[in-house]
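First the structure, in the form of structure tokens, and then the observations on it.
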Amino acid sequence: MNPEESIDLSLEGRLSPEDWEALQQELLRDPDLLAKYVEQRWTHAQLLSDRKFLSELAEENRSAAPAQASSSSWRAKTATSLIGWAVAAAVALFAIVLSLQKPEISPTVATLIETKDCRWEGSGLPTVEGARLSPGSLALAEGMATIRFDSGATVTLEAPTSMEIDSDMRCRLLDGSVVADVPESAHGFTIDTEKLEVIDLGTRFGVTSSEVGGSHVFVFDGEVKVHEEDSEKAKHVFGGKSLHFGPAPGEPDSEINRADPLPSPGRDWIAVSTADGGKDAYLRRGDGSGQTGSHPLLMVKHTDLAASNERRALLGFNLRKLDRSRIAEAKLSLKIEPSGLGFSSLVPDSEFAIYGVLDPAIQNWQESSILWDTMQEFTADEIDPARFERLASFRIPRGSSHSNVEIQSEELTAFLLQPNRNRVTLMIVRESGEWNNQGLVHAFASKEHPSAPA
């Protein structure tokens with residue numbers, strides 16, 4: 001669509017929000033196009049406001065006698081009106097130009113230099129790649145976006161993330177994950193979270209902040225200084241090290257608030273949740289604390305770079321209330337949630353597999369005592385085909401939103417139809433790796449999550 005067509009559609013109120021945003025950016029870049037827009041906008045507005053007068057004028061013209069005096073009177077009236085219109089036009093043109101040019105003269109502090117598969121929700125700033133940004137808010141629902149601050153610092157947002165830009169040396173992470181690359185020219189660049197102030201001392205670092213998992217700071221290179229709320233003493237974090245603040249990742253910090261029943265998946269479908277007489281947990285290699293069965297998040301990760309970060313999730317379902325002879329199809333629904341651990345920019349689009357447990361002897365695992373080292377049947381590097389059947393696979397792209405993932409396959413349906421399958425266990429494994437040992441830990445809502453469906 002060319003700019004002239006966009007102008008016509010905008011005057012008629014038929015331009016989409018995305019195209020309107022693009023047109024605004026084009027107007028600010030092209031003074032000639034801006035002048036044309038202003039002229040057409042004024043003409044359109046004037047015609048609308050004076051349509052009653054114009055109708056009366058046309059009617060008067062039709063009914064007037066063809067006398068010279070009447071003709072002269074009509075011309076005088078018309079001339080007077082045109083003079084008035086001209087004065088109004090000058091005032092309106094001046095006001096509109098000032099209004100449209102305001103973003104150019106207001107202070108801008110950063111540039112949105114790159115967007116990849118982005119979907120924005122509720123942003124108060126322009127979201128077109130290349131847009132200049134003044135202080136304000138950005139809300140990235142899907143994808144990844146990179147901002148270069150005028151100080152030289154670059155910050156990459158990993159969806160879903162909400163952030164406020166304060167100046168060329170400071171921003172505030174409301175929720176989500178960002179990675180900052182700060183040159184010497186931007187020494188002192190600061191990222192705030194609800195309870196932290198992270199000050200760069202010449203480095204590359206990442207910050208996450210989530211409702212469930214608190215805040216996490218990881219330094220890839222260099223050093224940062226971290227001020228925690230209500231603490232007078234700052235902490236220094238050096239390259240390769242991290243700090244976590246708030247509840248431990250995966251630990252609940254609020255009561256479960258799911259008063260509503262599980263949403264119906266549709267006509268002729270029956271929802272069976274792990275919260276309905278079932279169980280769910282995750283296993284982490286090297287985790288001696290156990291007790292992951294009470295966590296609100298089911299964490300999953302695969303890495304060849306840091307063996308202790310390997311994680312797998314287990315789901316136990318009670319199918320006793322189902323007439324399994326009537327099962328025609330089955331699907332597994334998982335709610336993606338932020339883990340507060342790792343960064344999406346450090347992993348590729350991630351591939352997962354769902355396995356069904358065939359061996360009845362390992363079905364009776366307990367949430368309260370689940371440990372990687374004592375559940376070797378589930379944690380072996382090579383998954384035993386005599387004990388597990390691969391039922392389905394799915395992909396989560398980088399920068400995915402907090403969406404539901406629904407997985408269907410003929411193998412999953414057939415697995416549930418087998419005799420004596422009143423209780424089943426499924427295992428979620430991430431098959432793809434990562435580029436850095438601080439790659440994202442994927443997570444799904446468990447039955448202990450305070451708000452999201454199990």
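All values below were derived from every heavy atom in this structure, side-chain atoms included, with hydrogens, water molecules and symmetry-related copies excluded.
- Nearest heavy-atom pair, S215 versus L196, reported as atom, atom and distance to 0.1 Å: CB-CD1, 3.5 Å.
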Run the numbers on S368 and Q366 for side-chain hydrogen bond (donor to acceptor under 3.5 Å, both in side chains), then give the verdict. CA-CA 5 Å; S368 59; Q366 301 296 318; 5.2 Å; no

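- Taking a cutoff of 4.0 Å between a charged side-chain nitrogen and a carboxylate oxygen, K331 and E406 qualify as a salt bridge.
- Note: F220 CZ to K241 NZ = 15.0 Å, rounded to the nearest 0.5 Å.
- With salt bridges taken as basic N to acidic carboxylate O contacts below 4.0 Å, one links E121 and R119.
- Residues P135 and D166 have side chains not in contact (no heavy-atom distance under 4.5 Å, counting atoms from C-beta outward).
- With H442 as reference, I396 is the one residue of L341, I396, L297 to meet the side chain to side chain contact (heavy atoms under 4.5 Å, CB included) rule.
- In summary, E337 and K335 engage in a salt bridge, as defined by a charged side-chain N under 4.0 Å from a carboxylate O.
- Two residues are said to be in side-chain contact when any heavy atoms from C-beta on lie closer than 4.5 Å; V357 and F378 meet this criterion.
- Counting all heavy atoms, side chain and backbone alike, L440 lies closest to S339 at CD1-OG, 4.3 Å.
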When you look at L138 and W120, which way does the side-chain contact (heavy atoms from CB on, under 4.5 Å) test go after all the steps? CA-CA 8 Å; L138 290 167; W120 304 86; 4.0 Å; yes

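- Residues V347 and W435 form no side-chain contact, since every pair of their non-hydrogen atoms from C-beta on lies 4.5 Å or further apart.
- The minimum heavy-atom distance between V441 and R311, with the atom names listed, is CG2-NH1, 3.7 Å.
- Between I428 and L334 there is a side-chain heavy-atom pair separated by less than 4.5 Å.
- Taking the six-membered ring where the residue is Trp, H244 and H216 present tilted rings, their angle falling between 30° and 60°.
- The side-chain heavy atoms of P296 and P450, taken from C-beta on, include a pair separated by under 4.5 Å.
- Here the side chains of E367 and L314 are not in contact, with every heavy-atom distance at 4.5 Å or above.
- By the 4.5 Å heavy-atom criterion applied to side chains, F205 and V182 are counted as neighbours.
- Ion pairing of R170 with D192 is present here, as a side-chain N (NZ or NE/NH1/NH2) and a carboxylate O approach within less than 4.0 Å.
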Using side-chain contact (heavy atoms from CB on, under 4.5 Å), reason through V405 and F352 one step at a time and then give a plain yes or no. CA-CA 11 Å; V405 178; F352 296 80; over 6 Å; no

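- Residues S333 and N404 approach most closely at OG-CG, 4.2 Å, considering heavy atoms.
- Among all heavy-atom pairs drawn from S151 and F189, the shortest one is OG-CD1, 4.2 Å.
- Residues V272 and K321 have side chains in contact (heavy-atom distance under 4.5 Å, counting atoms from C-beta outward).
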Could you walk me through whether T425 and Q363 satisfy the side-chain hydrogen bond (donor to acceptor under 3.5 Å, both in side chains) test, starting with their C-alpha distance in whole Å, then the side-chain angles of each, then the deciding distance to 0.1 Å, before giving a yes or no? CA-CA 6 Å; T425 293; Q363 286 276 12; 2.8 Å; yes

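- Using a 4.0 Å cut-off between charged side-chain N and carboxylate O, D150 and R132 make a salt bridge.
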